[in-house]
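Remarks on the structure that follows.
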Amino acid sequence: LLIKGGDGDLGITPGHLQLLTNISPGAVTIRNGKDEELLFVSGGIMEVQPTQVSIMADTVARPQDVNEAAALEAKKAAEKALADKGDKADYHKTMQDLHEAMAKLRVVELARQRKKR
């Protein structure tokens, strides 16, 4: 399992020590033998036990289910809001929206790259 944690990228293998961590919006790669699945998660919490990994997220989507056009629009809207220098109460929400939109676009791009292999 490869996932973006709150403090950086994490690789989880069978028998991993127990861990509870925040996860950031981004790609999750799940490997089971030669099989590999790519997913988008909106962020949340991950719990790792030696024989099980649980991910709690508001949104999980396969790359083909990500609306690329909507993600591009959300990215543009967040960038515009940041450029307009709105009040600080909106800053954190706008940054969160920007990171999520960029993560969705990255997952779509990763899926395209993997199809070319």
Side-chain angles (χ1 to χ4, degrees):
L1 174 87
L2 299 172
I3 193 165
K4 186 172 182 74
D7 293 325
D9 294 339
L10 297 168
I12 308 297
T13 57
H16 194 283
L17 293 175
Q18 295 176 341
L19 173 70
L20 183 64
T21 186
N22 291 329
I23 53 175
S24 299
V28 176
T29 302
I30 301 169
R31 292 188 181 125
N32 187 5
K34 291 184 179 184
D35 294 332
E36 186 174 282
E37 184 172 8
L38 178 66
L39 300 169
F40 162 79
V41 295
S42 61
I45 298 172
M46 178 176 66
E47 177 187 19
V48 177
Q49 296 293 328
T51 60
Q52 180 178 338
V53 176
S54 299
I55 297 173
M56 285 128 319
D58 287 336
T59 304
V60 177
R62 292 181 184 94
Q64 63 268 26
D65 297 330
V66 171
N67 184 333
E68 186 176 8
L72 278 168
E73 284 301 315
K75 179 179 179 273
K76 288 177 186 175
E79 290 172 338
K80 182 178 181 329
L82 290 172
D84 292 344
K85 299 181 182 173
D87 66 59
K88 288 197 178 232
D90 293 335
Y91 176 80
H92 294 290
K93 172 73 170 107
T94 303
M95 286 301 294
Q96 183 178 356
D97 292 346
L98 178 60
H99 288 155
E100 187 170 323
M102 291 173 61
K104 285 179 180 180
L105 294 170
R106 179 71 180 137
V107 167
V108 169
E109 182 59 32
L110 285 171
R112 282 191 186 120
Q113 289 173 3
R114 289 179 184 187
K115 279 185 180 182
K116 290 180 183 179
R117 291 186 206 169

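When a residue number appears, it is its place in the shown sequence, counting from 1.
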Tell me, please, which residues at least two apart from Q64 pass side chain to side chain donor-acceptor pair (under 3.5 Å). none
Can you tell me how far apart NZ (K104) and NZ (K75) are? Round to the nearest 0.5 Å. 14.0 Å
What is the minimum heavy-atom distance between A74 and A101, and which atoms define it? CB-CB, 4.0 Å
Does any non-hydrogen side-chain atom of I30 lie less than 4.5 Å from one of L39? yes
Going through the checks in order, is the side-chain contact (heavy atoms from CB on, under 4.5 Å) test met by L19 and Q49? CA-CA 7 Å; L19 173 70; Q49 296 293 328; over 6 Å; no
Show your reasoning for whether side-chain hydrogen bond (donor to acceptor under 3.5 Å, both in side chains) applies to R31 and T13. CA-CA 9 Å; R31 292 188 181 125; T13 57; over 6 Å; no
State the CD1-OG distance between I23 and S42, to the nearest 0.5 angstrom. 7.5 Å
Between P63 and A111, the two heavy atoms sitting closest are CB-CB, 3.5 Å
Is the shortest heavy-atom distance from the side chain of E100 to the side chain of F40 under 4.5 Å? yes
CA sep, side-chain torsions, deciding dist, call: L82, L98, side-chain contact (heavy atoms from CB on, under 4.5 Å): CA-CA 9 Å; L82 290 172; L98 178 60; 3.8 Å; yes
Are E68 and R112 ion-paired here, with the side-chain N under 4.0 Å from a carboxylate O? yes
Rounded distance (nearest 0.5 Å) linking atom CG of L105 with atom CG of L110: 11.0 Å
R62 versus V107: any side-chain heavy-atom pair under 4.5 Å? no
What's the verdict on side-chain contact (heavy atoms from CB on, under 4.5 Å) for I45 and L20, showing C-alpha distance, side-chain angles and the deciding distance? CA-CA 7 Å; I45 298 172; L20 183 64; 3.6 Å; yes
Does atom CG (D65) have a neighbourhood of more than 12 heavy atoms from anything else shown, all under 6.0 Å? yes
Hey, does L10 have a side-chain heavy atom less than 4.5 Å from the side chain of L2? no
First locate atom NE2 of H99, then atom CD of Q96, and finally report the distance between them rounded to the nearest 0.5 Å. 9.5 Å
Under a 4.5 Å cut-off applied to non-hydrogen side-chain atoms, are N22 and D7 in contact? no
Minimum heavy-atom distance A78-T94, with the two atoms named: O-CG2, 3.4 Å
Minimum side-chain heavy-atom gap I3-M46 below 4.5 Å: yes
For residues E36 and R114, determine if any side-chain heavy atom of one lies less than 4.5 Å from a side-chain heavy atom of the other. yes
Is there side-chain contact between I55 and V60, with heavy atoms separated by less than 4.5 Å? no
Do N67 side-chain atoms and A70 backbone N/O form a donor-acceptor pair below 3.5 Å? yes
Give a yes or no on whether V28 and V108 share a hydrophobic cluster (residues Ile, Leu, Val, Met, Phe, Trp, Tyr; joining criterion: side-chain heavy atoms under 4.5 Å apart). no
Straight-line distance of D97 CG to D90 CG, nearest 0.5 Å: 10.0 Å
